[in-house]
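Structure record follows, encoded as structure tokens.
Bear in mind the structure is a predicted one, so any value in this text is a computation, not a measurement. Atoms within a ligand are numbered from 1 in the order they appear, just like the ligands themselves.
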Amino acid sequence: MTVLGSSSTSAPATRKKITGHVGFSNLPNQIRRKSFKDGFQLTVMVVGESGLGKTTLINTLFNSTICVPREPLHPAADRPKTVAIENIQADIEENGVRLRLTVVDTPGFGDFVNNSKSWNPILEDIERRFEAYLSQEHRVRRGKLVDSRVHACVYFIQPTGHSLKQIDIEFMQKLHHRVNLIPVIAKADTMTDEDIVDFKARILSDLELHGINIFQAPIYEDDDDESIFEAEEIARAIPFAIVGSSNAVRTRDGRVVRGRAYPWGVVEVDNPAHCDFGKLRQLLIRTNMEELREHTNDVLFEAWRTERLLAMGIAQDPTVFEEINPAERLREERVIHEAKLAKMEVAMKEVFREKVELQEQKLKQSEVELYARHKEIKDELNRQWEDLSKKKAQLESGSPDASRKKTFRA
Ligand SMILES: Nc1nc2c(ncn2[C@@H]2O[C@H](COP(=O)(O)OP(=O)(O)OP(=O)(O)O)[C@@H](O)[C@H]2O)c(=O)[nH]1
Ligand SMILES: [Mg+2]
């Protein structure tokens, strides 16, 4: 068994052999068991002008009637005044894996005379879901968080063959930093293959021109060649040219497929030579559902959360989250240590100088005192000398004092 080991934060990981079975190779199975138990939550939003095939696509994706198509409105009927937000929830199961799917339909988008703010109710709904998640995170008892955030927004582009419309650009510009955008060309069976290639190129250049970010499925270098090839193929096909239909039709060669029948033949939904439906399904459900959820949580929600908390006046110290470079950290610590040493050296020198100065002063003081004492003794001796000299002189000169004898009584 091989493990990667590292003894310090800055040392590179080394490969080590361990003997015996530790048990962590079972981790994927634990996750698998937990996933079976908990199931998954996915929320997909569909946005696009009326009649572009949103409902049909959802039903085709999950191969069941999740949404019931709406009756087209009579031209004379009263139209709603704003975009509606409709949630359709379905618990679906495949090979024991449960998926709680929420489809957010947005009927009414682009239906008005003035569509300049059509994106607003949709943006508000996405942010309301962020808000609901944030308030769950802030609870003391959190339990299992219910994630109703929108993980992907499939945006339907009308198959005009020209370029993006103003409403498309505005919507994507307003929403791309809040949701994973997946643009699709609706009803691609109404266009020729060549027109689709040109239209895709024009859409991509429009997106770039307007600085719109769309969801990019990551390509993992360490995947096997087949997975890398598949991921690259999906990335190349964006914006997906979609055909939706849950109807079973018979092809000229007798096969029964999901598709749309025309006098000139059948457009097969699941045939990659006919449309990109399979690639969209691959990205949304088969290979990138986890990346969509991760990107929603780690990037989009996090950015919104930061803006929200900043607006509430709660600032966070970004340095706390900075990645630590061990070499840089060591260098910083060495500089701090050296500065500390230099400071201590200066302080010690100062103390030494003060002590020397004090000692010098003391010595000087003693010298002065010694000199004064010396002078005092010298003066005293001089004075005694003079006294004695005087007395000697008197004695020698025979003064009465000198002849006086001491008398003692018997
Ligand atoms: N040619 C063609 N027709 C389609 C396709 N998808 C759906 N339709 C048809 O377009 C019509 C509208 O489809 P819906 O799925 O109800 O469209 P919608 O976008 O949900 O419409 P609203 O709910 O009114 O906004 C139906 O008659 C569908 O059969 C497609 O890929 N190609
Ligand atoms: Mg619909």
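- Selection from Asn59, Thr55, Asp189 by nearest heavy atom to atom 1 (N) of ligand 1 gives Asp189.
- Counting heavy atoms only, Gly51 comes closest to atom 12 (C) of ligand 1 of the residues Pro107, Gly48, Pro159, Gly51.
- Nearest heavy atoms, Ile185 versus Met191: CG2-SD, 4.2 Å.
- Remark: Arg308 fails to qualify as a cation-pi partner of Phe130 under the 6.0 Å distance and 45° angle criteria applied to the six-membered ring.
- If you number the atoms of ligand 1 from 1 as listed, the ones under 4.0 Å from a heavy atom of Thr56 come out as 6 (N), 7 (C), 13 (O), 14 (P), 15 (O), 28 (C).
- Geometrically, ligand 1 and Asp105 share no nitrogen or oxygen pair separated by less than 3.5 Å.
- Close to ligand 1: Tyr262, with a non-hydrogen atom less than 4.0 angstrom away.
- A side chain to side chain contact (heavy atoms under 4.5 Å, CB included) with Val150 is found for exactly one of Leu175, Thr296, Val179, Leu292, namely Val179.
- Within ligand 1, the atoms closer than 4.0 Å to a non-hydrogen atom of Val243 are 31 (O), numbered from 1 in the order shown.
- With hydrogens and angles ignored, the 3.5 Å screen pairs no side-chain donor or acceptor of Thr106 with any backbone N or O of Phe109.
- Within the 3.5 Å criterion, the main-chain N or O of Trp385 finds no donor-acceptor partner in the side chain of Lys390.
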**Request:** Could you walk me through whether Phe171 and Tyr155 pass the ring-ring contact (aromatic ring centres under 6.0 Å, His included) test, one step at a time?
**Result:** CA-CA 9 Å; Phe171 175 85; Tyr155 185 77; 4.9 Å; yes
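- Screening Arg334, Glu332, Glu333 against Leu330 for a side chain to side chain contact (heavy atoms under 4.5 Å, CB included) leaves a single residue, Glu333.
- For the Mg ion (ligand 2), protein N, O or S atoms closer than 2.8 Å were enumerated as Thr55 OG1, with waters left out.
- At a 3.5 angstrom cut-off on N or O pairs, Ala188 does not count as close to ligand 1.
- Judged by distance alone, the side chain of Lys200 and the main-chain N or O of Ala237 form a donor-acceptor pair under 3.5 Å.
- For the pair Leu284 and Val154, the minimum side-chain heavy-atom distance is below 4.5 Å.
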